[in-house]
Amino acid sequence: IVLVTLKGEATMEAAAAMTARLTGVVAARPKGVILDCTGLTILTSICIGELVALKRGVAPAPVVIASAGALIARSLQFTRLDQVFPFYDT
């Protein structure tokens with residue numbers, strides 16, 4: 001299982017680094033991925049797309065979201081991705 005810590009603003013400017021990082025995770029073929037969103041403050045649509053690509057890339061391994069703040073949780077609920085990614089408080 002791989003732990004990926006997302007911090008700061010996941011904006012268009014940060015998307016390239018996020019893509020490279022998540023591509024490496026997919027290449028490792030983990031048995032599961034935990035996305036730690038403790039320090040994540042903004043999540044843009046391009047980065048949400050990267051999370052979906054990660055989910056598809058590691059399938060059937062689970063991808064879960066941990067410690068999403070209210071703003072991040074609302075973004076994922078608005079896009080209905082709360083139906084795709086299980087949420088955990090810690």
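Hydrogens, waters and symmetry mates are skipped; everything else that's a heavy atom, side chains included, is used. None of the values given here were measured: they were computed from a predicted structure.
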Quick one, P30 and V58 - any side-chain contact, counting heavy atoms below 4.5 Å? yes
Residues at least two apart in sequence or cross-chain that pass side chain to side chain contact (heavy atoms under 4.5 Å, CB included) with V4, listed by chain then number, are V2, L6, R21, L22, V25, V33, L35
Decide yes or no on side chain to side chain contact (heavy atoms under 4.5 Å, CB included) for I48 and L81, but give the supporting numbers first. CA-CA 9 Å; I48 288 173; L81 289 175; 3.2 Å; yes
Among all residues two or more places apart in sequence or in another chain, which pass the side chain to side chain contact (heavy atoms under 4.5 Å, CB included) test with T38? D36, S67
According to side chain to side chain donor-acceptor pair (under 3.5 Å), does anything in residues 78-88 pair up with another residue at least two apart or in another chain? List the pairs. none
Could you give the distance from CD1 (I65) to CZ (F85), rounded to the nearest 0.5 Å? 5.5 Å
Set of residues satisfying side chain to side chain contact (heavy atoms under 4.5 Å, CB included) with respect to P62, sequence neighbours excluded: none
Closest contact, heavy atoms only, A61 versus G32: CB-N, 3.9 Å
So, using side chain to side chain contact (heavy atoms under 4.5 Å, CB included) as the criterion, who are the partners of T19 when residues are at least two apart? T23, E50
Side chains of K7 and L40, heavy atoms from C-beta outward: is any pair under 4.5 Å? no
For V26 versus G57, what's the shortest heavy-atom pair and its separation? CG1-O, 3.6 Å
Contact summary for T41 and L71, nearest pair of heavy atoms: O-CD2, 3.2 Å
Locate the shortest heavy-atom distance separating A68 from A73; write the atom from each residue and the value. CB-N, 4.3 Å
Joint hydrophobic cluster, L54 plus V84, side-chain heavy atoms closer than 4.5 Å: yes
Contact check, side chains of L43 and L76, non-hydrogen atoms, under 4.5 Å: yes
